[in-house]
Amino acid sequence: MNLIIFGPPGAGKGTQADKIVTEFNLNKISTGDLLRDEISKNTTLGKEIKKIIDKGSFVTDETINNLIKKIFSNNENHNRLIFDGYPRNLNQTKNLDHLLKKNKQSLTCVLSLNVPEDVVVKRILGRQVCTKCSLIFNKFFNPSNKKNHNCGEQFLTTRSDDKEEVIIKRYKTYIIETLPILNFYKNLDLLYEIDGIKDIDSIYKEIRQILHSLDG
Ligand code: AMP
């Protein structure tokens, strides 16, 4: 199965994707995480990427398409992909379509999490990511504790682009550049819209029902 988890920044895509990965044995491809990996290597490309991300703008399609090409060249990923944060515009959507066809694969569905702007802002302002295990928490809605997280508080960080003015820019860019993609997938009958305001477990319950029904 190959999936896309879709929604505005802060919709909870990463959190839900982590749950799907565990149950359905998929590989999560978060272009944001891949870009942050490049930044952490402190390469010339990484430094350029950091400037763009911290402004809340999009990295070039060329950079993203190169990252995704590498994903398809790895056999481990064959029919086991869940994309989080990709594709983000129509050009990337067409590139993904091309790569899937070229590699004789297809998309199982696109899960779209609907969340309004005010909720997104609140969620992102509370977001914390563990630098050791990469799990995502929220200091208001889903705090890290001894039951759900083994690494310890000292590994929790906030992202440099999770500032209010950058979040608002990212949300506006999402509406203009990313939202139009939904029509592309709706026309292909691949789109499943989910209310992303509910709590984490209720959302996941709905997602797993959809995936089990499609998995046969
Ligand atoms: P994310 O972790 O998905 O919220 O992504 C963080 C930032 O990385 C975004 O605000 C963009 O600057 C950049 N980024 C991630 N994925 C993409 C993509 N598919 N296309 C362009 N820029 C991206």
Side-chain angles (χ1 to χ4, degrees), residues 2-18 20-21 27-41 43 45-72 77 81-100 107 110-113 115 117 119-131 133-138 156-182 184-185 196:
N2 291 314
L3 311 172
I4 294 174
I5 186 134
F6 189 92
K13 301 187 292 292
T15 303
Q16 295 297 333
D18 288 341
I20 297 169
V21 161
N27 289 337
K28 177 171 94 166
I29 308 302
S30 154
T31 40
D33 285 350
L34 293 173
L35 295 169
R36 284 183 286 275
D37 273 355
E38 191 64 39
I39 293 174
S40 70
K41 290 187 212 147
T43 56
L45 178 65
K47 284 177 192 156
E48 283 303 309
I49 292 172
K50 181 165 169 46
K51 278 191 223 153
I52 297 171
I53 290 187
D54 283 352
K55 273 195 300 191
S57 305
F58 279 178
V59 169
T60 63
D61 287 342
E62 193 193 352
T63 305
I64 299 294
N65 291 344
N66 284 337
L67 288 175
I68 300 295
K69 221 178 181 174
K70 276 192 209 148
I71 300 298
F72 276 95
N77 291 325
L81 294 168
I82 173 163
F83 292 105
D84 162 7
Y86 172 85
R88 251 177 160 99
N89 59 28
L90 274 174
N91 183 10
Q92 292 179 15
T93 306
K94 287 183 183 149
N95 183 60
L96 175 61
D97 200 47
H98 166 76
L99 285 172
L100 284 163
L107 274 179
V110 176
L111 301 161
S112 175
L113 300 175
V115 186
E117 183 174 3
V119 178
V120 157
V121 172
K122 227 189 225 162
R123 280 195 188 164
I124 298 187
L125 288 176
R127 173 154 66 187
Q128 295 176 313
V129 186
C130 176
T131 50
C133 70
S134 301
L135 280 179
I136 307 158
F137 299 95
N138 190 295
L156 294 177
T157 52
T158 53
R159 281 171 38 173
S160 57
D161 57 341
D162 281 350
K163 299 186 187 89
E164 192 154 357
E165 67 278 14
V166 182
I167 298 165
I168 290 166
K169 168 149 191 219
R170 280 158 57 201
Y171 189 83
K172 293 210 165 25
T173 309
Y174 165 79
I175 299 289
I176 295 165
E177 300 262 345
T178 312
L179 209 52
I181 296 175
L182 282 190
F184 179 90
Y185 290 119

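Bear in mind the structure is a predicted one, so any value in this text is a computation, not a measurement. For ligands, and for the atoms within them, numbers begin at 1 and follow the listed sequence.
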Report task. Only counting residues at least two apart or in another chain, list the ones meeting side chain to side chain contact (heavy atoms under 4.5 Å, CB included) with T15. Result -> I136, I200
Report summary line: Contact set, ligand 1, heavy-atom distance under 4.0 Å, ordered by chain/number, equals T31, G32, L35, R36, I53, S57, F58, V59, I64, G85, Y86, R88, Q92, R159, D161, R170
**Report entry** Qualifying residue, where the test is side chain to side chain contact (heavy atoms under 4.5 Å, CB included) with I82 and the options are Q16, K28, K13
**Finding:** K28
**Report entry** Under 3.5 Å donor-acceptor, N2 side chain and L81 backbone
**Finding:** yes
Report summary line: So the salt bridge (charged side-chain N to carboxylate O under 4.0 Å, His left out) pairs with at least one residue in residues 51-68 (sequence neighbours excluded) are E48-K51, K50-D54
Query raised in the report: Distance from I4 atom CD1 to L111 atom CG, nearest 0.5 Å?
Result: 9.5 Å
Table please: side-chain donor-acceptor pairs of residues 124-131 below 3.5 Å, with sequence neighbours left out.
| residue | atom | partner | partner atom | Å |
| --- | --- | --- | --- | --- |
| R127 | NE | D162 | OD2 | 3.0 |
| R127 | NH2 | D162 | OD1 | 3.1 |
| T131 | OG1 | F155 | O | 3.1 |

